[in-house]
A.B. asks: 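After the structure tokens below, expect a handful of questions from me.
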There are 2 protein chains.
Amino acid sequence: MSPESRREQLLELGTQLLSTRTLEELSIEVLAEEAGISRGLLYHYFGNKQEFHVAVVRRAVEQLVAITAPRDIADPLEQLAVSIGAYLDYVVENHTGYVSLVRAAAGGNEEVRTIYEEGRRALIDRIFEINGPEQLAQLGIEDSPGLRLMVDGWGAMTESVILAWIEDPHGLSREDLLHRLAVALPAIALAR
Amino acid sequence: MSPESRREQLLELGTQLLSTRTLEELSIEVLAEEAGISRGLLYHYFGNKQEFHVAVVRRAVEQLVAITAPRDIADPLEQLAVSIGAYLDYVVENHTGYVSLVRAAAGGNEEVRTIYEEGRRALIDRIFEINGPEQLAQLGIEDSPGLRLMVDGWGAMTESVILAWIEDPHGLSREDLLHRLAVALPAIALAR
DNA sequence: ACCGCTGTTGAACGAGCGTCAATAGCGTTG
DNA sequence: CAACGCTATTGACGCTCGTTCAACAGCGGT
């Protein structure tokens, strides 16, 4: 089999297996057996277990960032809600896999964490790009260092709330949730 | 050595070692060597590696909850800021250990996660206990199911922001940060 | 002095990661 | 067509580490 397709196959398989197991439990042993190859071959494509894990996580994060690319909408608040909605939908559809990803990112090694954080950063930065300075001003937000800290916090909150909402919606509809999260951003940014 | 003191010694040592290593890297091997005992003895006190990890995490969480017990202050917003401050101080002082705890909780198994989440729940619930309904109303907050979701999210945000602030304060003083986080709670709760 | 309890050990087993020399298949070249 | 080389692939080996278990040692009670 050609190098690229084999590599692709292994990464794809690894991503799938992540739905059932933790990243830690995603052993070379299981993967090799599942792929019908010898353990040794994995070391031909990925130097070691960690490198393989990193490759799987990178793939998953890229997928997430690509899929949730926001559309162009006039009203900033609605734009924001739609962006969060795309993210929400992704999380709902890939729930088990996404949970594994988040846990892997939080508990994993330096490299895995960095990749995940860069993904999160990309998602958040899009808000500041898509909504230009004028639109941000329209929300009452102006970019500043201290603000960044809080906006990143809002990102963590959003991630957490969405995961909790999937477990138990607490009587909130999808639209309610999106609106709450959207208005929370300017609320956090403005509150002093 | 007596059972209790030995158990205590091992847990204490485990907690210390957590400053240097991940929970996953906190091996039976290292612990036994560091404690000057045989590996086998650990299985006399803790059934297996996981149980030991659980015991260490439980200990750390209990410590956190106990130390950050809030004082009684009239002004609800200041009360809140003081509570967050106690938490912040704990995180600053036990930084490496706390980071290990958070990562262990996020990446760990079911049991470890549950213990951590119960700890977080206890911290947040205190806000609703200490600040009685009247004081909460004074902040414009009334307890409701959908609100709980957002308040838990605020908890996640607080945790995240504090860890980020320690890495890089972004020009915010401790007081600035506490105030921002404190006002963020009613802001999130009120925003619709 | 004997007995039993229990804290403690060390050896042994198995799972899983990582290494490496050897092989097999295939395209290239003389 | 045969020899060659490249590389995907294998299988066996060694090592670390979690886990088990039979044996021992010290000590209090009878």
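Order of the sequence lines sets the chain letters (A, B, ...), proteins ahead of strands, with each chain counted from 1.
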A.B. asks: Rounded off to whole Å, could you give me the CZ-to-C1' distance for the A:Phe46 and C:dT19 pair?
C.D. replies: 18 Å
A.B. asks: Is it the case that A:Gln16 and A:Glu12 place a side-chain donor and acceptor less than 3.5 Å from each other?
C.D. replies: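 Yes, side-chain donor-acceptor contact under 3.5 Å.
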A.B. asks: Separation of A:Gln9 atom CD from D:dA8 atom C1', in whole Å?
C.D. replies: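 In whole Å, D:dA8 C1' lies 13 Å from A:Gln9 CD.
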A.B. asks: Side chains of B:Arg71 and B:Ser83: do they bring a donor and an acceptor to under 3.5 Å?
C.D. replies: no
A.B. asks: Can you check the B:Asn109 CG to D:dG18 P distance for me, whole Å?
C.D. replies: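 Checked: the CG to P distance equals 15 Å.
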A.B. asks: Look for any protein N or O under 3.5 Å of an N or O in nucleotides 9-11 of chain C and output each such pair with its distance, or none.
C.D. replies:
unit_1: C:dT9; atom_1: OP2; unit_2: B:Ser38; atom_2: N; d: 3.1
unit_1: C:dT9; atom_1: OP2; unit_2: B:Ser38; atom_2: OG; d: 3.2

A.B. asks: Just by modelled atom types, is the B:Glu175 backbone N or O under 3.5 Å from a matching donor or acceptor in the B:Arg180 side chain?
C.D. replies: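 Side chain of B:Arg180 to backbone of B:Glu175: no pair is present.
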A.B. asks: Hey, what bend do you get for the helix from C:dA1-D:dT30 to C:dG30-D:dC1 if you fit axes on five pairs at each end, rounded to 10°?
C.D. replies: 20°
A.B. asks: Among C:dC17, D:dA8, D:dT19, which is the nearest nucleotide to the side chain of A:Lys49?
C.D. replies: C:dC17
A.B. asks: Under 4.0 Å: is that the gap between some side-chain N or O of A:Tyr45 and OP1 or OP2 of D:dA8?
C.D. replies: no
A.B. asks: Please say whether more than 12 non-hydrogen atoms of neighbouring residues, nucleotides or ligands are located less than 6.0 Å from CD in A:Glu111.
C.D. replies: no
A.B. asks: Between C:dC17, D:dT9, D:dG18, which one does the side chain of A:Tyr43 approach most closely?
C.D. replies: C:dC17
A.B. asks: Can you sort out the partners of A:Arg120 under side chain to side chain donor-acceptor pair (under 3.5 Å), two or more places apart, ordered by chain and number?
C.D. replies: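 A:Glu159.
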A.B. asks: Rounded to the nearest angstrom, tell me the gap between atom CZ in B:Arg21 and atom P in D:dC17.
C.D. replies: 11 Å
A.B. asks: Can you see whether B:Phe128 has B:Arg148 sitting over its ring - NZ or CZ less than 6.0 Å from the centre and within 45° of the normal?
C.D. replies: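 Pair B:Arg148/B:Phe128 counts as cation-pi.
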A.B. asks: Starting at CE of A:Met1 and ending at P of D:dT10, how long is that distance when rounded to a whole Å?
C.D. replies: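 Distance check: A:Met1 CE to D:dT10 P gives 11 Å.
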A.B. asks: Check the distance between D:dG18's C1' and B:Glu25's CD and give it to me in whole angstrom.
C.D. replies: 16 Å
A.B. asks: In whole angstrom, what separates A:Asn48's CG from D:dT16's C1'?
C.D. replies: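 Checked: the CG to C1' distance equals 15 Å.
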A.B. asks: Using a 3.5 Å distance criterion without hydrogens, assess whether the side chain of A:Ser100 forms a donor-acceptor pair with backbone atoms of A:Leu18.
C.D. replies: yes
A.B. asks: Without decimals, in angstroms, what is the distance between A:Arg7 CZ and D:dT7 P?
C.D. replies: 17 Å
A.B. asks: Kindly check if the number of other-residue, nucleotide or ligand heavy atoms within 6.0 Å of CD (A:Gln9) is above 12?
C.D. replies: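 Above 12, so yes.
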A.B. asks: Could you check whether A:Phe52 gets within reach of a base, just the sugar-phosphate, or nothing at all, counting any heavy atom under 4.0 Å?
C.D. replies: nothing
A.B. asks: Give a yes or no on this: more than 12 heavy atoms of other residues, nucleotides or ligands lie within 6.0 Å of atom CD of A:Gln50.
C.D. replies: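 No, because the 6.0 Å sphere around CD of A:Gln50 holds 12 heavy atoms or fewer from other groups.
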